[in-house]
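Input: a single structure, listed below in structure tokens.
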Amino acid sequence: MGLQRVVRSSIIDAPIDRVWSILRDFNSHDQWHSVVAQSEIEDNQYSDRVGCVRNFTLADGNHIREMLISLSDKDYISTYTIIDATVPLIRYVATVSLKPVTDGNRTFWHWASSFEAPPGIETQLRDMVAHGVYEAGFSNLKSFLSSGQLHNRSVETNKQASATGLSIQANAIRIRDYGLPTVMQYEAVTVPPPAFGEIRIRQTAVGVNYLDIYLRKGWIPDFLPLPGTPGMEAAGEVIDVGPGVTSLLPGDRIVYMSPVPGSYTTVRNVSVSSTTRIPPGISDQVAAALLLKGVTADYLIRDLGHVKKNTRLLVHAAAGGVGQLICAWANSLGALVIGTVSTQEKAKIAREHGCHHVVVSKNYQFSDAVHSICQGADVIIDGLGEEAREENFAALAKCGHWISLGQATGSINEISPHWLIQKSISFSRPVVFDYVSTQELLNERAQRIWKAYFDGVLKNPAYEEFDLQDAYLAHEKLEARLSTGSLLLKIR
Amino acid sequence: MIQVYTSSVIDTTAEAVWLRVRDFNALPIWHPSIADSRIENNQPSDRIGCVRYFHLRDGGLIRERLLALSDYDFTCSYSILESPMEVENYVATLKLTPVTDGGRCFAEWSAEFDCAPSRESELSQLIGQGVFQVGFDALKRYFASRR
């Protein structure tokens, strides 16, 4: 991580005291800077009190908390530092300083900062700070001074929303019969303009999930009527937005997870409520590899498992896409993490992601091992299903919570209360989309995922890419239990 | 202590302005009020401590010592050793800063000095406008004519 430095400056056609009256107010940005949607000073402090903290909600949903560390009415200087943010600006210190241009009664405005950035995204972050924040700030303040109001966002939205409005030719995977991976055919399709509340996306990376295999096999036919396109998540760029959509603009980078399948395609429409913005510093591939799996890990650990320090957690398929995330996240919360995998190679991967004990078993025999490690699991996250049913029951501690996530070996049928009562067991069968039923919930979970990623809790997810037309190869690999990490379909 | 501060915006890069003003012996080339100049004792003009010996167009002799020169910050500071202005403890700084918005140059020229109280406003006007602003205006004209 090298030290990054950004310096931008401009001349404002107003006397220095006029410009300073706005910039010295540490709480004024939401009135003049288009990047900042909301600003407030914490603890009801004065905005010119050194040490006060402002809390920004950015227009893109990110959050930044900054502390005022020096303010000078003598030298027209304000210095501040980021103390907490959902964008990866590390040790960010910035200085705004003004000087009078005596020749013409104007103002020289100098805005400079230094910070560290995660490797590989230094340029992207420098550009974001330089153009998105500082230069945008110069032009926003100029129009604020000349018109007395914030740069008008709605005009821009309307103009760009009407940019297209025609159908777009695209390519998609289509299924006409349920069955083997080869039922997935690559075909030309037409994507109409986005309807009310929808956005049209040019996709770049599609996340492959085990659920896609269930849909292809026809296990949940109500979910994927034929003919249909599978796939629940993807990342890409907004092409255009439908009526009623004000939160996104063409060109915005987004990732979505939708309960309506159809992501195995180059272009599609989705409801804006199933989308969330990709923050700077996260690639489309990482976003597509992380969103649905990360949301799954988040609600399993937080909402259902109540995983905390010393929780004895048993995770099946611990080296898989979701398994890796659960191991890493639960480990960071202080849980005792036990994982099951099918090979020694996968055991190594699970350990690398924070799994404390790994049980290698090809025939779903693990309960004895769990009991010798910790006398039974408090929480089991079970993607195995029917064939491991007795072993899971045996592996649970009293009052344990059995969360049945998937059905890799077939659906668990006939869970009887008389059976559960023997150990006071709770049994859950959740569906991920119920845990992101509103865009607020999705954003909240996504923010936690990005933060865990930037904090290093969730490592750079390992992913393997296939061409969209080769989706069947990805399914074959996932079903054969040959994959570790996430599988993505890439769109050239 | 009297302080004088003059600043301006020149429509070319700070690097280009610095090339023109960096040479401590170059005042007659770019400042219209200066008639001639030389560096005493055959010193190089960017050696800190060197003294420039020059005449104003009205004949007055001024000697100034180079106190600081920074090619990194585009800054030059100097003090007056001898002049007809009857000022004491005179230290001046010329500083250039890039304006990234438009590739322009923000130029500042400031001075601090002591003088008889009755002459404060006359000298402030003479130095701030008659010397500094006149210099900036000449630079603006020069670079405007070269575009």
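Because the structure is a prediction, the values reported are computed rather than measured. The chains referred to below are lettered A, B, ... by the order of the sequence lines, with proteins before strands, and numbering in each begins at 1.
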Exercise for review: Select one option (side chain, backbone, both, neither) describing which atoms of B/Phe136 are under 4.5 Å from chain A's heavy atoms.
Suggested key: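 Neither the backbone nor the side chain of B/Phe136 comes within 4.5 Å of chain A.
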Practice item. Name the region of B/Gln129, side chain, backbone, both or neither, that has any atom closer than 4.5 Å to a heavy atom of chain A. Key: neither
Look at atom [atom1] of [X] and say whether more than 12 heavy atoms of other residues, nucleotides or ligands are closer to it than 6.0 Å.
X	atom1	value
B/Lys95	NZ	yes
B/Arg22	CZ	yes
B/Arg57	CZ	yes
A/Asp455	CG	yes
A/Arg126	CZ	yes

Exercise for review: Enter the distance from A/Asp103:CG to B/Phe132:CZ here, rounded to the nearest 0.5 Å.
Suggested key: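 So the CG of A/Asp103 and the CZ of B/Phe132 are separated by 14.0 Å.
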Exercise for review: Could you grab the distance from atom OG1 of A/Thr102 to atom CD of B/Gln133, nearest 0.5 Å is fine?
Suggested key: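 So the gap between those two atoms works out to 6.0 Å.
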Check your understanding: Taking all non-hydrogen atoms of both residues, which atom of B/Ser8 and which atom of A/Val101 are closest, and how far apart?
Key ->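 Closest approach of B/Ser8 to A/Val101, heavy atoms only: CA-CG1, 3.8 Å.
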Review point. Heavy-atom distance under 4.5 Å between the side chains of B/Asp101 and A/Arg8, does that happen here?
Key: no
Review point. Do side-chain atoms of A/Ser9 reach the backbone of B/Pro98 as a donor and acceptor pair under 3.5 angstrom?
Key: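 Answer holds: yes.
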**Study point:** Verdict with reasoning, B/Tyr5 to A/Lys99, per side chain to side chain contact (heavy atoms under 4.5 Å, CB included)
**Key:** CA-CA 11 Å; B/Tyr5 177 87; A/Lys99 290 193 170 175; 3.8 Å; yes
Exercise for review: Would you mind telling me which of B/Thr97, B/Thr6, B/Val99 has the largest number of heavy-atom pairs within less than 4.5 Å of chain A?
Suggested key: B/Val99
